[in-house]
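Heavy atoms only: backbone and side chains are in, while hydrogens, waters and symmetry mates are out. Quick note: residue numbers are just sequence positions, from 1. Read the numbers this way: they start at 1 and go in the same order the structure lists the ligands and their atoms.
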Amino acid sequence: MSQRSITSGWSFAIARLSGVIVVACVIGFLLHALVATVLAALAVYLAVMLWRLHRLEQWLRNRRTEDPPDFQGIWGDIVALVMRIYRRKQFHKRRILELFREFRRVTTAMPDGVVLLTPERGIQWFNVNAARLLQLRRKLDYGQRIENLVRDPAFSRYLSAADYGQAIVIPSFIDPNIFLSLQIVLYGAGQQFLLVRDVTREVRLEAMRKDFVANASHELRSPLTVVTGYVDALADDMQIDPAWHGPLEEMRRQAQRMRAVVDALIELSRLESSTGEAPLTPIDVGGMLSFLHREVLSLDKRPHQIQLLLDANVQLLGSEQEVHSIFSNLITNAVKYTPATGSIVIRWWKDDFGAHFSVKDSGAGIARQHLPRLTERFYRVDPGRARATGGSGLGLAIVKHSVQRHGGTLEILSEEGVGSVFTCHFPPRRLVPNIE
Ligand code: ADP
């Protein structure tokens, strides 16, 4: 309905009203009852208007079942306008309904579970798979807070930490042999949804992989000890043909490398299989670092300047063996990758954020693109060089794991050709209180 036709509808209505008044005036004049006739004509006109208004109201109330009234002029225009608005609304409603049905079909077909949550983490809606994996009941559980239905300490910690970058894996409370991955995804204005996946297969494969590595390395260790023993004996035997000295030395070096790899794999498997955080035994970090410093100073091939700065006398709460392995791995790497003319600074200090251990070297440094992958198993920047230095490629993986078991983080800063700084940050809860 165009603006023009409504305007013409109004002009027609005004013209008709004027016509009624003019005709009433003429009749009233002829009958000598001008006022009474005009009033009577206006009353009839008003009655017709009221009747139409009543019909319109009746139709608007029952427009689903009733046909629209057949009005002319402005009333007809109003009916047509209402019909248009109504049809447009119906069209949008059908579209939204269709989209909603499509959305439900998609989420039902999805292999993952989805739970829509309010900003307060109340359940708004969930799909079939979420209901199956988390045993949610349609309608009954709507409005309930998700943490009241998924009762798991790890999930509660995950929610309170509010760091949803990664998913967490928990055993299902319906069947502990099933593992679920849960992840909160934020969207819109404070809205969130929970993504639930059955990761039992992945968890089993990962466990099998760990078991395989642990078993294989344990099986290799004993024969390797025998081989190393014989090679050592032969290499030290003075009566052996001098032509064999070179090959025997090489065999001894390679056997030692194999031993280092096997030992590192066993250590990594042990770290991976130990659940929870490291124990809380007080460790004299100052004493341990002084010992390691003396040890490294006694090496023949080392950078000429190796400094130890003990800026805090604070003790760490953790596993002595793991902390020793963290320090010794980082110091050994600095020695390995720094030339004799370079320098190394080992530092232990404390601040409001906790205690920190760093090893800074003026060695080869590491190019930026390698930094994110450095703590992966067997990742080496320069495989040839790393093998030549006798590295297992597992040292930093062990360091990262051990630091994490102490609630800490490993930070790596490095610039190619300038040097590297490896820093372990330990939180205040891992320090012996009041001893400075
Ligand atoms: P590796 O036993 O081969 O040293 P790591 O896991 O300890 O294995 O280290 C992984 C890789 O990181 C090394 O191969 C080396 O390329 C690099 N890297 C580690 N520490 C340093 C360092 N201080 N300076 C330069 N590169 C380093």
Side-chain angles (χ1 to χ4, degrees), residues 210 213 217 220-221 224 252-272 289 292-293 295-297 299 301-309 321-348 356-406 408-425:
K210 283 182 190 162
V213 173
S217 16
L220 281 172
R221 198 185 213 173
L224 204 57
R252 173 145 61 178
R253 235 190 344 267
Q254 294 300 337
Q256 272 165 358
R257 247 196 76 210
M258 248 162 103
R259 180 74 192 244
V261 172
V262 167
D263 284 349
L265 278 175
I266 291 173
E267 171 67 0
L268 208 52
S269 303
R270 192 189 62 76
L271 286 171
E272 281 180 339
L289 286 179
L292 282 168
H293 185 222
E295 231 180 28
V296 84
L297 284 179
L299 294 173
K301 272 174 68 184
R302 65 166 174 87
H304 79 279
Q305 200 187 349
I306 303 180
Q307 206 182 351
L308 171 64
L309 301 176
Q321 184 228 330
E322 285 176 33
V323 171
H324 181 275
S325 136
I326 295 171
F327 294 170
S328 122
N329 262 308
L330 293 181
I331 295 172
T332 312
N333 273 353
V335 172
K336 267 194 310 199
Y337 299 105
T338 309
T341 49
S343 63
I344 296 176
V345 180
I346 303 162
R347 191 170 164 224
W348 173 245
H356 317 270
F357 165 76
S358 74
V359 183
K360 182 177 175 193
D361 67 60
S362 65
I366 304 152
R368 184 191 292 261
Q369 74 268 22
H370 296 295
L371 292 179
R373 300 195 55 194
L374 220 54
T375 53
E376 284 175 21
R377 288 145 217 244
F378 296 114
Y379 189 82
R380 292 166 171 127
V381 175
D382 177 352
R385 173 146 192 248
R387 274 194 203 103
T389 55
S392 66
L394 295 163
L396 289 180
I398 292 178
V399 169
K400 187 179 170 194
H401 240 88
S402 303
V403 172
Q404 279 174 348
R405 265 176 50 79
H406 287 76
T409 50
L410 172 68
E411 184 190 9
I412 307 172
L413 300 173
S414 190
E415 206 179 318
E416 218 176 352
V418 178
S420 323
V421 190
F422 288 76
T423 312
C424 306
H425 303 284

- Taking every non-hydrogen atom, the tightest pair across Ala397 and Glu376: CB-C, 4.5 Å
- Query: What closest approach, in Å, do Thr341 and His304 show between heavy atoms, and which atom pair accounts for it?
  - Reply: O-CE1, 3.4 Å
- Roughly how far apart are His356 NE2 and Thr409 OG1, rounded to 0.5 Å? 9.0 Å
- Task: Would you check whether Gly363 reaches within less than 4.0 Å of ligand 1, judged by its heavy atoms?
- Result: no
- Do His401 and Ile398 have side chains that get closer than 4.5 Å, going by heavy atoms? no
- Message: I need the atoms of ligand 1 closer than 4.0 Å to a non-hydrogen atom of Gly393, numbered in the order shown.
- Response: 1 (P), 2 (O), 3 (O), 6 (O), 8 (O)
- Heavy-atom distance under 4.5 Å between the side chains of Leu396 and Leu330, does that happen here? yes
- By number and element, which atoms of ligand 1 are closer than 4.0 Å to a non-hydrogen atom of Lys336? 1 (P), 2 (O), 4 (O)
- So which bit of Phe422 gets within less than 4.0 Å of ligand 1, heavy atoms only: side chain, backbone, both or neither? side chain
- Message: One residue to check: Leu396. Relative to ligand 1, which of side chain, backbone, both or neither has a non-hydrogen atom less than 4.0 Å away?
- Response: both
- Query: Near Val381, which atoms of ligand 1 are under 4.0 Å from a heavy atom of that residue?
  - Reply: 16 (O)
- Query: Does Ala364 come within less than 4.0 Å of ligand 1, judged by its heavy atoms?
  - Reply: no
- Short version for His370: what comes under 4.0 Å of ligand 1, heavy atoms counted, is neither
- Measure the spacing between CD of Glu272 and CD of Glu267 and express it to the nearest 0.5 Å. 11.0 Å
- Task: Among Phe422, Trp348, Phe327, find the residue that satisfies the ring pair (Phe, Tyr, Trp, His ring centres under 6.0 Å) test when tested with Phe357.
- Result: Phe327
- Note on the structure: Smallest heavy-atom separation, Ile366 atom then Ser420 atom, equals CD1-OG, 4.1 Å
- Contact (N/O only, under 3.5 Å) between Tyr379 and ligand 1: no
- Message: Any nitrogen or oxygen of Ile366 lying under 3.5 Å from a nitrogen or oxygen in ligand 1? Just yes or no.
- Response: no
- Query: Should Leu374 be counted as touching ligand 1, given the test is an N or O pair under 3.5 Å?
  - Reply: no
- Message: Heavy-atom pairs closer than 4.0 Å: do any link ligand 1 to the side chain of Asp361, the backbone, both, or neither?
- Response: side chain
- Note on the structure: Per-atom filter on ligand 1: closer than 4.0 angstrom to a heavy atom of Ser420 are 24 (N)
- Message: I need the minimum non-hydrogen distance between Ser414 and Gly419, along with the two atoms involved.
- Response: OG-O, 3.3 Å
